[in-house]
**Student:** 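After the structure tokens below, expect a handful of questions from me.
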Amino acid sequence: MEFAQEDRVLFEAAEAVRARAHAPYSGFAVGAAILADDGKVYAGCNVENAAYPQGNCAEASAIAAMVAGGARRIEKILVTGPGSVPVTPCGGCRQRIREFASDPTPIICLGVEGDPMFTTLGELLPHSFGPQFLER
Ligand code: THU
């Protein structure tokens, strides 16, 4: 599978950080990379914890890096994990992405041994609740 240049940059950033995942309990290392509104790429991996519910998903780590870096919008996000089935963001992370993205925002899901799935936030989280609901 050949990615377009912009997607290749995200893939390489996500794979590089995936190698640093702390996933001793699941053995399922995930990497995520965000192209943000400042033109920069922010990446994160999953960070598990012996107290299992305290673990962080890769997407949450990438979003934290983006916010800490000063960016505020997700233009595109790529998620990569083991196997050949595309790794899709969990329900909670779909909502986390929603905070900084909108329905058309591209999401690329990849099992690193297979082909990517190109989807959007609106497809993964239809009829979503977001910041606009709190504007008055
Ligand atoms: N995980 C992610 O980091 N992102 C996803 O999109 C799916 C799941 C992590 C959470 C946990 O550390 C491991 O994968 C197994 O669920």
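Order of listing sets the numbers, starting from 1, for every ligand and every atom in it. Residue numbers run from 1 in the order of the sequence given. We use all heavy atoms of the structure for the numbers below, so side chains are in, but hydrogens, waters and symmetry mates are not.
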**Student:** Could you state the interatomic distance from OH (Tyr42) to CD1 (Ile34), rounded to the nearest 0.5 Å?
**Tutor:** 9.5 Å
**Student:** Answer with yes or no whether Pro89 contacts ligand 1, where contact means a heavy atom under 4.0 Å from a ligand atom.
**Tutor:** yes
**Student:** If you have a sec, work out which protein heavy atom is nearest atom 10 (C) of ligand 1 and how many Å separate them, to one decimal?
**Tutor:** Cys57 SG, 3.9 Å
**Student:** Inspect the surroundings of CZ in Arg20 and state if more than 12 heavy atoms from other residues, nucleotides or ligands are less than 6.0 Å away.
**Tutor:** no
**Student:** Suppose I only count heavy atoms of Glu59 and a 4.0 Å limit; which atoms of ligand 1 are within that range?
**Tutor:** 2 (C), 3 (O), 4 (N), 5 (C), 6 (O)
**Student:** When you compare the side chains of Glu48 and Ser26, does any donor N or O come within less than 3.5 Å of an acceptor on the partner?
**Tutor:** yes
**Student:** Would you mind running through ligand 1 and noting each atom that sits below 4.0 Å from a heavy atom of Ala58?
**Tutor:** 2 (C), 3 (O)
**Student:** Under 4.0 Å from atom 16 (O) of ligand 1, is there any protein heavy atom?
**Tutor:** no
**Student:** State whether Lys76 and Asp7 are salt-bridged, where the test is any N-O pair (Lys NZ or Arg NE/NH1/NH2 against Asp/Glu carboxylate O) under 4.0 Å.
**Tutor:** yes
**Student:** Closest non-hydrogen protein atom to atom 9 (C) of ligand 1, residue and atom name please, with distance?
**Tutor:** Asn46 ND2, 3.5 Å
**Student:** Please list, in number order, the atoms of ligand 1 under 4.0 Å from a heavy atom of Glu48.
**Tutor:** 11 (C), 12 (O), 13 (C)
**Student:** Output yes when a side-chain donor or acceptor of Asn46 lies under 3.5 Å from a complementary backbone atom of Gly31, and no otherwise.
**Tutor:** no
**Student:** In terms of the angle between their ring planes, are Tyr52 and Tyr25 parallel, tilted or perpendicular, with boundaries placed at 30° and 60°?
**Tutor:** tilted
**Student:** Please confirm whether the backbone N or O of Ala32 pairs with a side-chain atom of Arg18, one donor and one acceptor, at under 3.5 Å?
**Tutor:** no
**Student:** Which of the atoms in ligand 1, numbered in the order shown and given with their element, are less than 4.0 Å from a heavy-atom of Ser26?
**Tutor:** 13 (C), 15 (C)
**Student:** Report, in ascending order of atom number, the atoms of ligand 1 lying under 4.0 Å from any heavy atom of Val30.
**Tutor:** 1 (N), 2 (C), 3 (O), 4 (N), 9 (C), 14 (O)
**Student:** Is there a heavy atom in Thr88 that sits closer than 4.0 Å to ligand 1?
**Tutor:** yes
